[in-house]
Amino acid sequence: MTAFKSDFLRTVSERGFVHQITDPEGLDARALQGPIPAYIGFDCTADSLHVGSLVPIMLLRALQRTGHKPIVLMGGGTTKVGDPSGKDESRQLLSDADIARNMAGIKSIFTKFLTFGDGPTDAVMVNNADWLDELKYIPLLRDVGRHFSVNRMLTMDSVRMRLERDQPLTFLEFNYMVLQSYDFVELAKRHKCLLQMGGSDQWGNIVMGVDLGRRMNDLSLFGLTTPLMTTASGAKMGKTAQGAVWLNADRLSPYDYWQFWRNTEDADVGRFLKLFTDLPLDEIRRLESAGGAGINDAKKVLATEATRLAHGEAAALEAAETARRTFEEGTTGAGLPTVDVPRTELEKGIQAFELFRRTGLAASNGEARRLIKQNGARLNDEAFSDETRLIGVADLGNGGAIKLSAGKKRHALVKAV
């Protein structure tokens, strides 16, 4: 590991954020001179980000905590094109209204992790539609396009992989790296941005941006990428059998978010504590060295600290207490995900498989039927195997709720309204 002198590069290197840097010595020296404005772009393809975006978010947090200025770039313009990086198929094109709605849902996430304002190290949020929407085609080709070699563009992973797999790559998508590179030049002009960061799949686009800044304006820019995030077993980070692990509470409850981190594989605990919490490294080393039952305590710390950042102190402590009561005392915690059902429906009775689907414990009626038939479902902590069983008001407990469980770790409450 390179012995960096700046707090920023030393911190992110020790915590596992660094994969590649365009000029490590130059960036390290510049970081010692004063705040570096640095950006990461986030396209608006959904109305929430998921755990797969947490590494870049936490990288921006580490940047700010070590005295530098984060720039959050909303891809209001580039989302209209679609990033082909790591994709075998073209993204579905979104309308302007869809992009605006998605951007509104995403923006609130960053205020949990970063401090925004007008100070030298305060974060700012910008939208690349502000300049990309104003570009004229011929001037873009003359002023920007002439600096790009098609021969070189064809060697970039985002392009090469599509071509090697005989998957179509539209001319629209082929322009993505040109627009992302131009973003860097615009941010350097507008916000004195010197550093672009992103995942390892963005290396080619970032290098192109560094090169474009030098060719167009004789700028000395830098790039940094993070490692590809997978679990110890090789699974993609942030994906579960139930779908994406969303960061917005209206897409995934704080309790389910807490449970996601609690279910971390043993081999990942130390790495995830470094990446996804602010705990000091000495404390992390102590937690990850604990054997036996100690590793479960470390997972609870990881879950609570990660949930604290995403959803706040109160939600994190409630989720931890709900889990304790549910698993250690066998009682029903108030923080469990809750679904309201009209009392008139419960008076008639709802088939078990349908209720499991409606609570989100199963993705479909078919999955719910299989879960119940295979003895993986519980009603008020009692196992049952009749997927058509009617669940109704008679099953309401003392707290006025019905507790449904899928396996040992996923629970939901049904309340009559």
Side-chain angles (χ1 to χ4, degrees), residues 2 4 6 8-9 12-13 16-31 36-43 45 52-60 62-63 68-75 77-79 81-87 126 128 131-132 144-145 147-162 173-229:
T2 303
F4 292 115
S6 65
F8 168 57
L9 283 184
V12 296
S13 178
F17 285 100
V18 177
H19 179 57
Q20 292 170 293
I21 304 176
T22 54
D23 177 8
E25 293 78 14
L27 180 58
D28 194 33
R30 175 59 185 81
I36 292 178
Y39 93 95
I40 299 178
F42 299 85
D43 279 348
T45 54
S53 297
L54 256 191
V55 169
I57 293 173
M58 291 300 292
L59 178 56
L60 287 173
L63 177 88
H68 302 280
K69 186 179 186 69
I71 300 172
V72 179
L73 179 65
M74 291 283 99
T78 42
T79 304
V81 176
D83 185 1
S85 301
K87 302 289 185 297
V126 295
N128 62 14
W131 54 85
L132 294 183
V144 180
H147 297 295
F148 286 80
S149 161
V150 171
N151 306 63
R152 187 181 182 194
M153 293 170 75
L154 290 172
T155 68
M156 296 297 168
D157 286 346
S158 59
V159 174
R160 180 178 53 79
M161 291 173 64
R162 281 274 189 96
E173 295 171 290
F174 190 59
N175 280 276
Y176 190 92
M177 71 177 75
V178 176
L179 298 181
Q180 182 172 329
S181 299
Y182 185 68
D183 280 345
F184 202 175
V185 174
E186 276 291 327
L187 288 170
K189 180 173 69 175
R190 294 170 181 241
H191 298 278
K192 295 182 171 54
C193 183
L194 297 177
L195 170 63
Q196 181 183 176
M197 304 185 292
S200 58
D201 62 337
Q202 295 297 314
W203 178 250
N205 292 341
I206 291 173
V207 169
M208 286 284 203
V210 170
D211 188 54
L212 183 64
R214 178 182 59 80
R215 290 174 179 271
M216 286 188 69
N217 297 326
D218 197 28
L219 298 172
S220 294
L221 304 178
F222 303 94
L224 182 154
T225 61
T226 58
L228 175 67
M229 282 304 299

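Owing to the predicted nature of the structure, the values given are computational and were not obtained by experimental measurement.
To the nearest 0.5 angstrom, I40 atom CD1 is 3.5 Å from L60 atom CG. A distance of 10.5 Å separates CG in N205 from OG1 in T78, rounded to the nearest 0.5 Å. Rounded to the nearest 0.5 angstrom, D23 CG and L221 CG are separated by 11.5 Å. Taking OG1 of T225 as the start and CD of Q20 as the end, the distance is 4.5 Å to the nearest 0.5 Å. In this structure, CG in L194 is found 7.5 Å from CZ in F184, a value given to the nearest 0.5 Å. Interatomic distance, H68 NE2 to I36 CD1, rounded to the nearest 0.5 Å: 5.5 Å.
For the pair A38 and C193, the tightest heavy-atom approach, listed with the atom from each and the gap, is CA-SG, 4.0 Å. For the residue pair L73 and N128, the shortest heavy atom distance occurs at CD1-N, 3.7 Å. Listed here is the closest heavy atom pair of S200 and L228: OG-N, 3.6 Å. Considering every non-hydrogen atom in both V55 and M229, the closest pair reads CG2-CG, 3.4 Å. The minimum heavy-atom distance linking F17 with P227 is given by the pair O-CD, 3.3 Å. In terms of heavy-atom proximity, F4 sits nearest to P24 at CE2-CB, 4.1 Å.
Under the rule for a side-chain contact (heavy atoms from CB on, under 4.5 Å), the partners of L154 that lie at least two apart in sequence or sit in another chain are V150, V159, L163, F174. Judged as a salt bridge (Lys or Arg N to Asp or Glu O under 4.0 Å), and not counting sequence neighbours, the contacts of K189 are E186. Legend: residues meeting salt bridge (Lys or Arg N to Asp or Glu O under 4.0 Å) with D28, ordered by chain and number and at least two apart, are absent. With sequence neighbours excluded, the residues satisfying salt bridge (Lys or Arg N to Asp or Glu O under 4.0 Å) with R215 are D211. For S149, the side-chain contact (heavy atoms from CB on, under 4.5 Å) partners are N151, R152, not counting sequence neighbours. Remark: V178 pairs with V144, F148, M153 by the side-chain contact (heavy atoms from CB on, under 4.5 Å) rule, at least two apart or across chains.
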*Apply side chain to side chain contact (heavy atoms under 4.5 Å, CB included) to the pair T22 and W203, showing each step before the final yes or no.*
CA-CA 9 Å; T22 54; W203 178 250; 3.7 Å; yes

*asked:* Applying side chain to side chain contact (heavy atoms under 4.5 Å, CB included) to L132 and D183, what does each step give before you reach the verdict?
replied: CA-CA 8 Å; L132 294 183; D183 280 345; 3.8 Å; yes

*Apply the test side chain to side chain contact (heavy atoms under 4.5 Å, CB included) to residues H191 and Y39: give CA-CA distance (whole Å), side-chain angles for both, the deciding distance (0.1 Å), then the verdict.*
CA-CA 10 Å; H191 298 278; Y39 93 95; over 6 Å; no

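In this structure, the side chains of L63 and F8 come closer than 4.5 Å at one or more pairs of heavy atoms. Under the 4.5 Å side-chain criterion, counting only non-hydrogen atoms from C-beta, D157 is not in contact with D201. Within the 4.5 Å cutoff, the side chain of M208 has no heavy atoms near those of the Q180 side chain.
No side-chain donor-acceptor contact under 3.5 Å links Q196 and Q202. Under the 3.5 Å distance criterion, with hydrogens and angles disregarded, a donor-acceptor pair is assigned to the side chains of D43 and Y176.
Of the residues I71, I206, L59, the one that meets the side chain to side chain contact (heavy atoms under 4.5 Å, CB included) test with M197 is L59.
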